[in-house]
S.K.: 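This is the structure I have questions about; it appears just below.
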Amino acid sequence: RFLAHSIKIYAEEESQSLSECIMTDLANDEQPNKDREANQEEDSTPSPYAVKVDPEQDDKATELKLCSAKRPHMRAFHFSWWGFFIAFFIWFAIAPLLPIIKHDLDLDKEDIWTSNIFAVAFDIVMRFVFGSLCDKYGARILMGIILMVASIPTACIGLINSLTGLILVRLFIGLAGSTFVCCQCWTSRMFTKEIVGVANGMVGGWGNVGGGATQLIMGSALFPLFKFLMDGNETLAWRTVCIVPAVVAFLTGIVIIKFSDDCPKGAYRDLKKSGEMPEISAAASFRGAAIDFNTWILFIQYACCFGVELTVNNAAVSFFQSEFDLSTEAASAIASIFGFMNLFARGIGGYASDWAMNKMKMRGRILVQALFLLLEGVCIFIFVEMTSLAGSIIMLTIFSIFVQAAEGSTYGVVPYVNAKATGSVAGIVGAGGPTGAVSFGLIFRQLAPRTAFSVMAGIVLASGVLSVLITIKNHRGILFGADRDGDTIIVPRMEEDEEEFPKAVDASDKEDGEYHNNSNESV
């Protein structure tokens, strides 16, 4: 009886224990289902954005939807390139009219090139300034203000009566060129590092199309129209036609400020008030960018691509008129080809840079940069040797592609130089463009056009060789540096800790696999 009673009690206990185990297992089985359902509910929650974003990169977009203009990412994308396009429209509105202005004001070649130099000189200073200001205040407001302010001297072109007036007006119109810094900072703030190269390349390239469009619109469309309206009076036509780009630029500035955002989460001002964004020192941002050697190498290289583009925008019409005896309308149409290559060429440079990054990491980006600059220099040398109009047009097209591809690859590297001062780096590197234009302008002012092009080609080749010196922290360059994970810190453990630590570890921890006797630990 005692044995039977004991067996009965044991069986009851085992049955209860088994029931508890079954219930526990069922609960454990149900939990993943609940978690899965919760995740599905979470995933089904509509995203506040029209594109896919990376929360770990501050809600920056991981994709481009070119047919969308929804806020904040794609609206900023399209406003970036459109604002820069309009900046080019007013910046070079006078370029195709210079041969007529030269005749009316009795100026010579040196006078025209002096005005060309001043047209980009003010831009150099303001690009340095606006880079750090973009970090502090955001690119949206600055771009809008620049366009509205620069539209005023554009409207005053018709009041020019002397070389001094021409220089002053072009000097202040040059402020429009600094919208490029805003353009690049804005897209760098909206798109992840995986696609920032192609994003920056596309907005910069489509904006640069304004250089070609201006030659065509002003020289081959609006000027002939106004000349017809003024009964063939060329003087009255060039004095009134620039009112059109001035009005367009002012209205564009208003639209950009009112209908777009500084970053994925809204306006900088609101984010600072709510404490989501820390206050940034413009001076500290600029200092961080200026002390980095890579910034200045990219400065020189950008001088040899965008500086070349600005120089050609100023020189192309006069070159084809003097070398092939063409009319202003015909020369302007040919010169516009150079700018229109920006529709795809700069984007190709950014895409090639992103592709090379995936294949070879940063070393790939730098190699692409060097390749485009070297090919650009070679093509300029070939362009100079062309004696036929058809050959010159073909080579103008080809070397334009490499010029703009180099611009795109440059800004594929810029976001990696100093992540905390991207705006300042973009500003300093961007200032290289007009600096190059001033330097090349001085060369064209003193030398014959073909000789000046040859000198420019040699300088471009030398800048391509400088790529071997680019060495970005935590990335391997062509010759120096090594790829490493900048977010991993190796913490060495002291020897006495290694000896004492096992004594304090519970045996159950060892059995559960929670104890690892490593000499180093990755934090």
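All values reported here derive from a predicted model rather than from experimental measurement.
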S.K.: Quick check: does any side chain N or O of Thr295 sit under 3.5 Å from a backbone N or O of Ile291, one acting as donor and the other as acceptor?
M.R.: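 Looks like no, no N/O pair under 3.5 Å.
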
S.K.: Check whether the side chains of Arg346 and Tyr351 place a donor and an acceptor atom closer than 3.5 Å, and report yes or no.
M.R.: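 The answer is no; no qualifying pair exists.
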
S.K.: Okay, side chain of Ser424, backbone of Ala421: is any donor-acceptor separation there less than 3.5 Å?
M.R.: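 Not confirmed, Ser424 side chain does not pair with Ala421 backbone.
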
S.K.: Would you mind listing every side-chain hydrogen bond (donor to acceptor under 3.5 Å, both in side chains) that reaches into residues 167-180, with sequence neighbours excluded?
M.R.: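 For residues 167-180, and leaving out neighbouring residues, the side-chain hydrogen bond (donor to acceptor under 3.5 Å, both in side chains) pairs sorted by first residue read Ser115-Arg170, Asn116-Arg170, Arg170-Asn314.
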
S.K.: For Val425, does its backbone N or O pair with a side-chain atom of Asn418 as donor and acceptor, under 3.5 Å?
M.R.: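 Absent.
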
S.K.: Side-chain contact, heavy-atom cut-off 4.5 Å: Ile257 with Ile145?
M.R.: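 Yes, at least one pair of side-chain atoms sits under 4.5 Å.
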
S.K.: We want to know whether Asn294 and Thr471 form a side-chain donor-acceptor pair, criterion being a heavy-atom distance below 3.5 angstrom.
M.R.: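 Their side chains do not contain a donor-acceptor pair, so the 3.5 Å distance test is not met.
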
S.K.: Could you please spell out the steps behind the side chain to side chain contact (heavy atoms under 4.5 Å, CB included) verdict for Ile443 and Ile459?
M.R.: CA-CA 12 Å; Ile443 294 171; Ile459 295 172; 4.1 Å; yes

S.K.: Closer than 4.0 angstrom, basic N to acidic O: yes or no for Asp261 and Arg71?
M.R.: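 Salt bridge between Asp261 and Arg71, a charged N being under 4.0 Å from a carboxylate O: yes.
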
S.K.: Would you mind writing out the side-chain donor-acceptor pairs for residues 87-94 within the sub-3.5 Å range, not counting sequence neighbours?
M.R.:
| from | atom 1 | to | atom 2 | distance (Å) |
| --- | --- | --- | --- | --- |
| Trp91 | NE1 | Ala119 | O | 3.0 |

S.K.: Does Leu64 offer a backbone N or O that forms a donor-acceptor pair with the side chain of His73 under 3.5 Å?
M.R.: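 Flag not set: sc His73 to bb Leu64 has no pair under 3.5 Å.
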
S.K.: Does any donor atom in the side chain of Gln404 or Ser400 lie under 3.5 Å from an acceptor atom in the other side chain?
M.R.: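 Note: Gln404 and Ser400 side chains meet the donor-acceptor criterion.
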
S.K.: What pair of heavy atoms forms the shortest contact from Ile195 to Glu63, and how long is it?
M.R.: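 Closest approach of Ile195 to Glu63, heavy atoms only: CD1-N, 3.5 Å.
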
S.K.: What heavy-atom pair brings Ala50 and Lys65 nearest, and what distance separates the two atoms?
M.R.: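 Shortest heavy-atom separation between Ala50 and Lys65 comes out as O-NZ, 3.1 Å.
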
S.K.: I'd like to know whether Trp296 forms a ring-ring contact (aromatic ring centres under 6.0 Å, His included) with Phe299, so could you lay out the CA-CA distance, the side-chain angles of the two residues, the decisive distance to 0.1 Å, and finally the verdict.
M.R.: CA-CA 5 Å; Trp296 297 103; Phe299 172 91; 5.4 Å; yes

S.K.: Answer yes or no: are there more than 12 heavy-atom neighbours, outside Lys136 itself, under 6.0 Å from its atom NZ?
M.R.: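 Atom NZ in Lys136 is crowded, with more than 12 foreign heavy atoms closer than 6.0 Å.
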
S.K.: Provide the closest heavy-atom pair for Ser332 versus Pro96 in the form atom of the first, atom of the second, distance.
M.R.: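 That would be OG-CB, 3.5 Å.
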
S.K.: Between Arg189 and Asp58, does any NZ, NE, NH1 or NH2 come within less than 4.0 Å of an OD or OE carboxylate oxygen?
M.R.: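 Judged by the 4.0 Å cut-off on N to carboxylate O distance, Asp58 and Arg189 do form a salt bridge.
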
S.K.: Less than 3.5 Å apart, which donor and acceptor atoms pair up between the side chains of residues 201-213 and the rest of the protein, not counting sequence neighbours?
M.R.:
| from | atom 1 | to | atom 2 | distance (Å) |
| --- | --- | --- | --- | --- |
| Trp206 | NE1 | Leu343 | O | 2.9 |
| Asn208 | ND2 | Glu309 | OE1 | 3.1 |
| Asn208 | ND2 | Glu407 | OE1 | 2.9 |

S.K.: Determine, stepwise, if the pair Thr114 / Arg445 fulfils side chain to side chain donor-acceptor pair (under 3.5 Å).
M.R.: CA-CA 7 Å; Thr114 299; Arg445 187 177 184 275; 2.9 Å; yes

S.K.: Checking salt bridge (Lys or Arg N to Asp or Glu O under 4.0 Å) for the pair Lys102/Asp108: CA distance, chi angles, key distance, verdict?
M.R.: CA-CA 7 Å; Lys102 174 185 173 183; Asp108 56 28; over 6 Å; no

S.K.: Should Trp82 and Phe85 be marked as a ring-ring contact (aromatic ring centres under 6.0 Å, His included) after you check the CA-CA gap, both sets of side-chain angles, and the distance that decides it?
M.R.: CA-CA 5 Å; Trp82 177 248; Phe85 180 98; 5.3 Å; yes

S.K.: Are Gln369 and Ser353 close enough that a side-chain donor and a side-chain acceptor fall under 3.5 Å?
M.R.: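 No - no donor-acceptor pair under 3.5 Å links their side chains.
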
S.K.: Please determine if Asp292 and Lys473 form a salt bridge, counting it only when a charged side-chain N lies under 4.0 Å from a carboxylate O.
M.R.: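 No, no charged N to carboxylate O under 4.0 Å.
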
S.K.: Rounded at 0.5 Å granularity, tell me how far SG in Cys182 sits from CZ in Phe79.
M.R.: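 So the SG of Cys182 and the CZ of Phe79 are separated by 14.5 Å.
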
S.K.: May I ask you to test the Pro264-Val53 pair for a side-chain heavy-atom distance under 4.5 Å?
M.R.: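 In short, these two side chains do not touch, never coming nearer than 4.5 Å.
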
S.K.: When the aromatic ring centroids of Phe118 and Phe172 are compared, is their separation below 6.0 Å?
M.R.: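 Ring centroids of Phe118 and Phe172 are no less than 6.0 Å from each other.
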
S.K.: Please tell me if the side chains of Ser467 and Ile478 come closer than 4.5 Å, counting only heavy atoms from C-beta onward.
M.R.: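 Touching, per the 4.5 Å side-chain cut-off.
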
S.K.: Mind telling me whether Phe191 and Phe77 have parallel, tilted or perpendicular rings, with 30° and 60° as the class edges?
M.R.: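 Because their plane-to-plane angle is over 60°, the rings of Phe77 and Phe191 count as perpendicular.
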
S.K.: To the nearest 0.5 angstrom, please state how far the CG atom of Leu466 sits from the OG atom of Ser463.
M.R.: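 So the gap between those two atoms works out to 6.5 Å.
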
S.K.: Check each of Ile173, Val247, Ile157, Leu222 against Cys242 using the side chain to side chain contact (heavy atoms under 4.5 Å, CB included) test, and report the only one that passes.
M.R.: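 Answer after filtering Ile173, Val247, Ile157, Leu222: Ile157.
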
S.K.: Heavy-atom distance under 4.5 Å between the side chains of Ser454 and Phe381, does that happen here?
M.R.: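 Yes, side chains in contact.
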
S.K.: Using 0.5 Å steps for rounding, measure from the CD1 atom of Ile472 to the CZ atom of Arg365.
M.R.: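 That separation rounds to 9.0 Å.
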
S.K.: Does the Thr451 side chain pair with the main chain of Leu447, one donor and one acceptor, at a distance under 3.5 Å?
M.R.: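 The answer is no, because no donor-acceptor pair under 3.5 Å joins these two groups.
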
S.K.: Kindly determine whether Leu271 and Cys263 satisfy side chain to side chain contact (heavy atoms under 4.5 Å, CB included), including the steps that lead there.
M.R.: CA-CA 10 Å; Leu271 293 174; Cys263 65; 3.4 Å; yes

S.K.: At what distance, to the nearest 0.5 angstrom, does SG of Cys304 lie from CG of Leu461?
M.R.: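 So the SG of Cys304 and the CG of Leu461 are separated by 9.5 Å.
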
S.K.: Ring centroids only, cut at 6.0 angstrom: are Phe453 and Phe319 within range, meaning strictly under it?
M.R.: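 That pair passes the under 6.0 Å test.
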
S.K.: Evaluate the side-chain proximity of Ile348 to Val198: yes if any heavy-atom separation is below 4.5 Å, no if none is.
M.R.: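 A side-chain contact is absent here, since even the closest heavy-atom pair is not under 4.5 Å.
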
S.K.: Roughly how far, to the nearest 0.5 Å, is CD1 of Ile401 from CD of Glu376?
M.R.: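 The CD atom of Glu376 sits 12.5 Å away from the CD1 atom of Ile401.
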
S.K.: Is Val414 close to Leu298 at the side-chain level, that is, under 4.5 Å between some pair of heavy atoms?
M.R.: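 Side-chain contact under 4.5 Å: yes.
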
S.K.: Do the side-chain N and O atoms of Thr62 and Thr192 include a donor-acceptor pair separated by under 3.5 angstrom?
M.R.: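 No, because no side-chain N or O of Thr62 sits under 3.5 Å from a partner of the opposite role on Thr192.
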
S.K.: Heavy atoms only: give me the nearest Ala426-Tyr411 pair and the separation to one decimal.
M.R.: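 Scanning both residues, the minimum pair turns out to be O-OH, 2.8 Å.
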
S.K.: For the CE atom of Met395 and the CZ atom of Phe383, what is their distance to the nearest 0.5 Å?
M.R.: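 CZ of Phe383 is found 9.0 Å from CE of Met395.
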
S.K.: Please check: side-chain N/O of Asp54 versus main-chain N/O of Lys60, any donor-acceptor pairing under 3.5 Å?
M.R.: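 Side chain of Asp54 to backbone of Lys60, a donor-acceptor pair under 3.5 Å: no, none is there.
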
S.K.: Hey, mind stepping through Asp123 and Leu175 against side chain to side chain contact (heavy atoms under 4.5 Å, CB included) and telling me if it holds?
M.R.: CA-CA 5 Å; Asp123 181 36; Leu175 173 67; over 6 Å; no

S.K.: Is the distance between the ring centroids of Phe130 and Tyr137 under 6.0 Å?
M.R.: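 When the ring centroids of Tyr137 and Phe130 are compared, they turn out to be at least 6.0 Å apart.
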
S.K.: For Lys272, is the NZ atom crowded, meaning more than 12 foreign heavy atoms sit under 6.0 Å from it?
M.R.: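 Count over threshold, so yes.
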
S.K.: If you compare all heavy atoms of Tyr49 against all heavy atoms of Lys265, which two are closest, and at what distance to 0.1 Å?
M.R.: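 Scanning both residues completely, I find the closest heavy atoms to be OH-CG, 4.1 Å.
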
S.K.: Ignoring hydrogens and angles, tell me if any N or O in the side chain of His475 forms a donor-acceptor pair with the backbone of Val417 under 3.5 Å.
M.R.: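 No, because the side chain of His475 does not come within donor-acceptor range (under 3.5 Å) of the backbone of Val417.
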
S.K.: Ser260 and Arg75: which non-hydrogen atoms are nearest, and at how many Å?
M.R.: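 Nearest pair, atom of Ser260 first, then Arg75: CB-CG, 4.1 Å.
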
S.K.: Tell me if the NZ atom of Lys361 is crowded by more than 12 foreign heavy atoms within 6.0 Å.
M.R.: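 Result for NZ/Lys361: open.
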
S.K.: Test side chain to side chain contact (heavy atoms under 4.5 Å, CB included) on Trp238 and Met218 and set out the steps.
M.R.: CA-CA 9 Å; Trp238 75 257; Met218 294 297 295; over 6 Å; no

